[in-house]
Amino acid sequence: MRRRGKLFVISGPSGGGKTTVIRELLRRVPRLHRSVSVTTRPRRASERHGAHYQFVSKEQFTRLRRQGALAEWARVHRAYYGTPETPVRRVLALGEDVILSLDVQGARQIRRRFGRQAALIFLRPPSFDHLRQRLLKRRTETPEAVRQRLHAAEREVACAAWYDYVVINHRLRAAVDHLKAIVTAERLKTDSGREDAKRTH
Ligand code: 5GP
């Protein structure tokens, strides 16, 4: 029987290194695919449409949401973000896995919708000071936006407790090793905790 694909959700404060960690993980783990979100946020100079995000207007986003085309969506830092459902379902149906970078509201929706088929991982910066330095170094946000993101980070870190795993991103190599171990463990897990599996026993 073909295995069911899994969803790996990574959350963590903006500037916490999610993008880099995910890129490295994808290089090292086969049969793992990144979901490309839609967003109404303006494109940064370093980003490409269709690769980092699909950049859409507010109207296009609302249309997708109303059509039920999004597996989850949320308003984060004054913009809308969402995960197109069809590409995710397509990967899962092939028995392969998907990695999603979501804020905490999105992670909650994925847990509600996919239950234990989703593994929720919180990527924590070693300290708020680290985070401030990273956000300032990135130079993509205004000082006001940095302040907002740090404020949001405090709220987000408080949510780490209901995630399945917490990984501290102190050194890239170690963080990626830990994520790889989580993917391996989740792939080896039985389906015994699944609601429909329980009913058949
Ligand atoms: P950024 O604007 O820095 O790329 O992302 C801001 C935040 O939005 C990050 O925490 C990121 O994980 C989250 N995010 C990105 N795509 C999605 C999505 O499709 N849905 C949700 N809920 N959050 C997302």
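We're numbering straight along the sequence, starting at 1. In each ligand, atom 1 is the first atom listed, and ligand 1 is the first ligand listed. Please read these numbers as outputs of a predicted model, since none were measured by experiment.
Against a heavy-atom cut-off of under 4.0 Å, Gly106 is close to the following atoms of ligand 1: 22 (N). In summary, the atoms of ligand 1 found under 4.0 Å from a heavy atom of Ala74, numbered by their order in the structure, are 22 (N). Within the listing of ligand 1, atoms 19 (O) sit less than 4.0 angstrom from a heavy atom of Thr83.
Looking at Gln109 against ligand 1, nothing comes within 4.0 Å, counting heavy atoms. By the criterion of a heavy-atom distance under 4.0 Å, neither the backbone nor the side chain of Glu47 is placed next to ligand 1.
Proximity of Glu72 to Arg112: side-chain heavy atoms (C-beta onward) are nowhere separated by under 4.5 Å. A heavy-atom distance below 4.5 Å is found between the side chains of Val38 and Pro84. For the pair Thr19/Ser101, no side-chain contact is recorded, criterion being any heavy-atom separation below 4.5 Å from C-beta on.
The side-chain hydrogen bond (donor to acceptor under 3.5 Å, both in side chains) test with Asp97 is passed by exactly one of Lys6, His33, Arg31, Arg3: Arg3.
The protein heavy atom nearest to atom 6 (C) of ligand 1 is Tyr81 OH, 3.6 Å. For atom 20 (N) of ligand 1, the closest non-hydrogen atom on the protein side is Glu72 OE2, 2.7 Å. Among protein heavy atoms, atom 4 (O) of ligand 1 sits closest to Tyr53 OH, 2.5 Å. Regarding atom 19 (O) of ligand 1, its nearest protein heavy-atom neighbour is Ser37 OG, 2.7 Å. Ranking protein heavy atoms by distance to atom 10 (O) of ligand 1, first place goes to Lys18 NZ, 3.0 Å. At the shortest separation from atom 24 (C) of ligand 1 among protein heavy atoms lies Ser101 O, 3.5 Å.
In terms of N/O distances under 3.5 Å, ligand 1 is approached by Arg149. Distances between N or O atoms of Asp103 and those of ligand 1 include at least one value under 3.5 Å. Considering backbone and side-chain atoms alike, Val76 places every N or O at 3.5 Å or more from each N or O of ligand 1.
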Could you go through residues 141-151 and list every donor-acceptor pair under 3.5 Å that involves a side-chain atom there, pairing it with any protein atom two or more places apart or in another chain?
unit_1	atom_1	unit_2	atom_2	d
Glu141	OE1	Arg138	NH2	3.1
Glu141	OE2	Arg44	NH2	3.2
Thr142	OG1	Ala145	N	3.1
Glu144	OE1	Arg147	NE	3.4
Glu144	OE1	Arg147	NH2	2.8
Arg149	NH1	Ser14	OG	2.5

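By the 30° and 60° cut-offs, the orientation of the rings of Tyr163 relative to Phe122 is perpendicular. Classified by interplanar angle (parallel below 30°, tilted 30° to 60°, perpendicular above 60°), the ring pair Trp73/Tyr80 is tilted.
Side chain of Glu96 to main chain of Gly5: no donor-acceptor pair is present (N/O by atom type, distance under 3.5 Å, no hydrogens or angles). Side chain of Asp164 to main chain of Leu120: a donor-acceptor pair is present (N/O by atom type, distance under 3.5 Å, no hydrogens or angles).
The pair Arg43-Glu47 fails the salt-bridge criterion, with no side-chain N (NZ, NE, NH1 or NH2) lying under 4.0 Å from an Asp/Glu carboxylate O.
When the options Gln54, Arg44, His77, Arg41 are ranked by their closest heavy atom to atom 3 (O) of ligand 1, first place goes to Arg44.
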